[in-house]
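A short write-up of the structure that comes next.
FYI, side chains are in, hydrogens and waters are out, and symmetry mates aren't considered; it's all heavy atoms of this structure. Remember, it's 1-based here, ligands and their atoms both numbered in the order they're listed.
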Amino acid sequence: MLGAAAGGGFPQWNSNSPASRRSRQGDPAAPACTQSSIAVSRDGRRWVVFNASPDIRQQINDNPPLHPAEGVRHSPISSVVLTNADVDHVAGLLTLRESQPFSLYATSRVLSVLAENTIFNVLNPDFVVRRQLALEQPFEPRTRDGEPLGLTVEAFAVPGKVALYKEDASAGANFGSVAEDTVGLRITETGGDGRSLFYLPGCAALPAGLKARLKGAALLLFDGTLWRDDEMLAQGAGVKTGQRMGHLSMAGPEGTIAGFADLGIARKVFIHINNTNPVLLLDSPERAEVEAAGWTVARDGMELEL
Ligand code: MLT
Ligand code: MN
């Protein structure tokens with residue numbers, strides 16, 4: 001778990017909330033979190049990073065398995081897979097310049113966003129190969145040179161929204177969002193027993209088809225942006241609801257905790273947690289409530305084995 005927080009991290013740079021203040025003061029019950037990303041490895045040597053957060057430099061430094069280990073220039077990061085084009089998931093690509101080979105996977109829609117923002121050309125195509133992932137078609141992430149990394153990944157569309165900076169206000173209720181804007185991922189060991197890790201850092205609803213797909217999973221890492229839909233408004237921290245931002249909230253009859261209660265998922269972990277969400281505070285009643293409901297709240301540096 002490289003980064004457990006949503007965009008902005010915790011504490012967010014301009015947040016003066018009581019929670020952010022506690023975190024800055026070093027309160028152990030308000031641990032700081034970097035922005036949304038995980039790294040997965042089959043062999044412990046070569047890693048696939050899922051989403052490249054603006055904090056990736058710190059995340060690499062904080063996690064020894066991601067440290068360079070050979071020669072003058074090296075990285076255990078062999079591949080990067082993106083679930084959407086949000087700033088918290090792509091800005092870290094700019095840190096991964098410096099002529100280091102890796103492969104980059106995203107949907108055609110997300111790849112087109114990278115292509116039209118020429119700053120991403122700092123990823124020299126002589127070193128970084130961009131590969132398109134198609135929905136519902138399992139693929140094996142590979143190194144730049146084509147070596148498989150022992151993992152199989154399948155992307156599927158989930159309810160969501162186009163990245164904020166791509167919203168088209170004239171395009172109706174969902175701002176011109178299309179299926180490939182937000183994907184969830186199923187990650188398995190290639191040739192393994194089929195146990196699945198599902199990674200959905202952004203998801204706006206739980207339709208029956210999505211529930212059926214996730215049912216019985218070994219491990220679910222799921223969108224924990226907000227505790228309740230109007231939390232940012234209630235705290236005076238913003239004008240948008242979770243639904244407006246493309247995120248399901250944890251609490252309430254329509255919330256994530258209720259929605260996943262009967263799906264037989266062995267381990268459920270909230271990730272992509274916004275700095276306004278009270279579950280970030282270890283001593284909050286909301287934290288006790290999610291844990292009593294069988295959820296784990298992710299923390300930076302947490303390690304999970306499938
Ligand atoms: C989100 O997860 O909704 C986005 O990362 C928000 C943003 O672009 O700041
Ligand atoms: Mn985000």
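- Among heteroatoms of the N, O or S kind in D88, OD2 lies nearest the Mn ion (ligand 2).
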When you check ligand 1 against the protein, what N or O pairs turn up below 3.5 Å? List the atom names and distances, or just say none.
| from | atom 1 | to | atom 2 | distance (Å) |
| --- | --- | --- | --- | --- |
| ligand 1 | 2 (O) | D86 | OD2 | 3.3 |
| ligand 1 | 2 (O) | H247 | NE2 | 2.9 |
| ligand 1 | 2 (O) | H272 | NE2 | 3.1 |
| ligand 1 | 3 (O) | H247 | NE2 | 2.7 |
| ligand 1 | 5 (O) | D86 | OD2 | 3.3 |
| ligand 1 | 5 (O) | D88 | OD1 | 2.9 |
| ligand 1 | 5 (O) | D88 | OD2 | 3.3 |

### Task
Go through the steps to decide whether R42 and E140 satisfy the test salt bridge (charged side-chain N to carboxylate O under 4.0 Å, His left out), and finish with yes or no.
CA-CA 12 Å; R42 161 83 184 277; E140 281 189 86; over 6 Å; no

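- With 3.5 Å as the limit, one finds a donor-acceptor pair spanning the side chains of T276 and N274.
- Salt-bridge formation is not detected for the pair R73/E98: no Lys NZ or Arg NE/NH1/NH2 atom is positioned less than 4.0 Å from an Asp or Glu carboxylate oxygen.
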### Task
Using the side chain to side chain contact (heavy atoms under 4.5 Å, CB included) rule, take I60 and I56 through it: C-alpha gap first, then chi angles, then the decisive distance, then the call.
CA-CA 6 Å; I60 291 168; I56 195 165; 4.0 Å; yes

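- Remark: R244 engages E167 in a salt bridge, criterion side-chain N to carboxylate O under 4.0 Å.
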Residues 291-298, side-chain donor-acceptor partners within the protein, below 3.5 Å, at least two apart:
| from | atom 1 | to | atom 2 | distance (Å) |
| --- | --- | --- | --- | --- |
| E291 | OE2 | R287 | NE | 2.8 |

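- The N, O or S atom of H272 lying closest to the Mn ion (ligand 2) is NE2.
- Residues R109 and V162 are in side-chain contact: their nearest non-hydrogen atoms beyond the backbone lie under 4.5 Å apart.
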